There are 2 protein chains.
Amino acid sequence: MTKGLPMPARRASAKDDGRQAGLLTPVNDRRISALIVDQVRTLIHEGKLSSGDRLPPEREMCERFGVSRVTVREALRVLEASGLVEIRVGAHGGAFVTKPTSDRVGASIVDLLTLSSVTATEVTAVRMVLEVGIIPLLCESVDDEDIAELNAICDRQEAALDSGDYHVSLSAEFHTRLAAATHNTAFEMLIQSFHGPLLMSLAKAKSTAPEMGRRGLEEHRAIVEAVRTGDVATGERIMREHLSRTADRLCLDEEPARKA
Amino acid sequence: MTKGLPMPARRASAKDDGRQAGLLTPVNDRRISALIVDQVRTLIHEGKLSSGDRLPPEREMCERFGVSRVTVREALRVLEASGLVEIRVGAHGGAFVTKPTSDRVGASIVDLLTLSSVTATEVTAVRMVLEVGIIPLLCESVDDEDIAELNAICDRQEAALDSGDYHVSLSAEFHTRLAAATHNTAFEMLIQSFHGPLLMSLAKAKSTAPEMGRRGLEEHRAIVEAVRTGDVATGERIMREHLSRTADRLCLDEEPARKA
DNA sequence: CAGGGATCATTGGTCATACCCTAATCCGGT
DNA sequence: ACCGGATTAGGGTATGACCAATGATCCCTG
């Protein structure tokens, strides 16, 4: 069956097909694995495939598309790299549509940021705008559950501080959860994404400022309180200070390299 | 040379090697292509490979890594999907390290946003925070060149309006250029990214509001003026109104589907 | 001598087949 | 009832071959 059918996108031998659809598919059909990718991606976007669904086994896809396994596999690689599917090996494994985790965007953003000669200082500026900017929204949208969870995180931070094994990731958790309280996924993903890359540059800075965790915690609590009571001004002010301190610590060891 | 050495990650045939390095490489070496990807990515991050550089031909990489061509090609696919390299065919083609274009992050963000059941309304909220949030920064950072270019864009918009072939992309251009005036690449990328997805949902809305372009233009000009004179309050106000109108137009045909 | 078309070499794109390895499941023995 | 090997589904990799695209080169012609 594999060789039998001509298959839709067979590489457009000069002028047989692939020109008919001209305007409909503006994409040049160079590389048929890309076509498979588009097809799957479309299915996902249209919701015909959703989180957890499993794509057919590679060998079966080969037949369905009338292409070789390499081609299918290349398509899977890019789908995987795009964070759309996750491949599991072993019996009953295969390609599963992933639930869109913000880590994905994060990784991608980190990747691009580190390549784009974007300095940590610049990232901090973005965080400043984002995290301060959501305060007004938060004052409107937080519910009891949000407050409870935020407090819980603060408690865990406090415990960690007491036991001495505090880590920046706890702060990251707070900020992410705070963003989630906007009940706007986009904010959550963004803020989480931008918090991630900082962890790197922050890791060592943190160790040089062991005491600062305590103050950060106080600020976290203050922010929760401000948001809970709807005190926009205070919330914004504290968040701004909170982030500024982070920014200051970064300015010290900012890279002089890169950046024309 | 190719066959001579045992090769680092050969899949550990039972017990010959790959166990030696045990503790040294805690990472599970599942999938060789991933190792290649990491290696290249690291080289790029370290600056040992930079924009425009060409990677060796596939066949040569096979020898260098001691793996088959499929493996190398899979690695290239994911590097390509990650936006790190661009593949060109034909003689003297190959994998070229791409210059980090913000479109890349954009595409990635768009991808994740559209997958994450993020509504256009939510995206608009983010834009609101971002674009209003940069106004204070802009008032500090704009230079004459920025102003000149922004005015030029406004002029082009006006011309387009007069001749009747105005399109939303012109508005997008304005907002993107405005973001660029922060001289913070991160902002530029973000705002551009978030403007993109809106074009889709906006395309038809725009056609139903043909007259609105004129008013948008006025607001654009007012924003430029406010930023130029450092009038933060006015700038923020106008931008807020400007975006609000966009938001209003969206609420009409917002999708009721998705989103639990 | 100059220009233009045919040729060639380089390099990615695809295919087919074969084999290995992993992991979930099944089944029989204890 | 439980444990452990056999089974099996399905991904990972290797080979080797051939096609297609494209830039460079070379030769032929005007």
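The figures that follow rest on heavy atoms only: side chains count, while hydrogens, waters and symmetry mates do not. To find a chain, count down the sequence lines: A is the first, B the second, and so on, and within it residues start at 1. All of these numbers come straight from a predicted model, not from anything done at the bench.
- If you find the closest nucleotide of DNA chain D to A91(A) and to R77(A), the one lying nearer the 5' end belongs to A91(A).
- The shortest distance between the side-chain N/O atoms of R69(B) and the OP1/OP2 oxygens of dG16(D) is not below 4.0 Å.
- To the nearest angstrom, P of dA23(C) lies 13 Å from CZ of R31(B).
- The separation between M61(A) atom CE and dA16(C) atom C1' is 18 Å, rounded to whole Å.
- A salt bridge links R77(A) with E80(A): the closest approach of a Lys/Arg side-chain nitrogen to an acidic carboxylate oxygen falls below 4.0 angstrom.
- Atom P of nucleotide dT15(D) and atom CD of E63(B) are separated by 12 Å, given to the nearest angstrom.
- Checked against side chain to side chain donor-acceptor pair (under 3.5 Å), E60(B) has the following partners two or more places apart in sequence or in another chain: R64(B).
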Please tabulate, for side-chain N and O atoms in residues 83-97 of chain B, each donor-acceptor pair with protein atoms closer than 3.5 Å (sequence neighbours left out).
none

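- Residue T71(A) places none of its side-chain N or O atoms closer than 4.0 Å to OP1 or OP2 of dG13(C).
- Between the CZ atom of F96(B) and the C1' atom of dG12(C) there is a distance of 11 Å, given to the nearest Å.
- For R69(B), the side chain to side chain donor-acceptor pair (under 3.5 Å) partners are E58(B), not counting sequence neighbours.
- One interatomic measurement links the two molecules: CG of L76(B) to P of dT11(C), which rounds to 14 Å at whole-angstrom precision.
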For nucleotides 24-26 of chain D, give me every protein contact, N/O to N/O, under 3.5 Å, one pair per line with atom names.
none

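- For R30(A) and dG12(C), the shortest distance from a side-chain N or O to OP1 or OP2 is not below 4.0 Å.
- Side-chain N/O atoms of R59(B) and base N/O atoms of dG12(C) include a donor-acceptor pair closer than 3.5 Å.
- For N151(A), there are no side chain to side chain donor-acceptor pair (under 3.5 Å) partners at least two apart in sequence or on another chain.
- For E149(A), the side chain to side chain donor-acceptor pair (under 3.5 Å) partners at least two apart in sequence or on another chain are R177(A).
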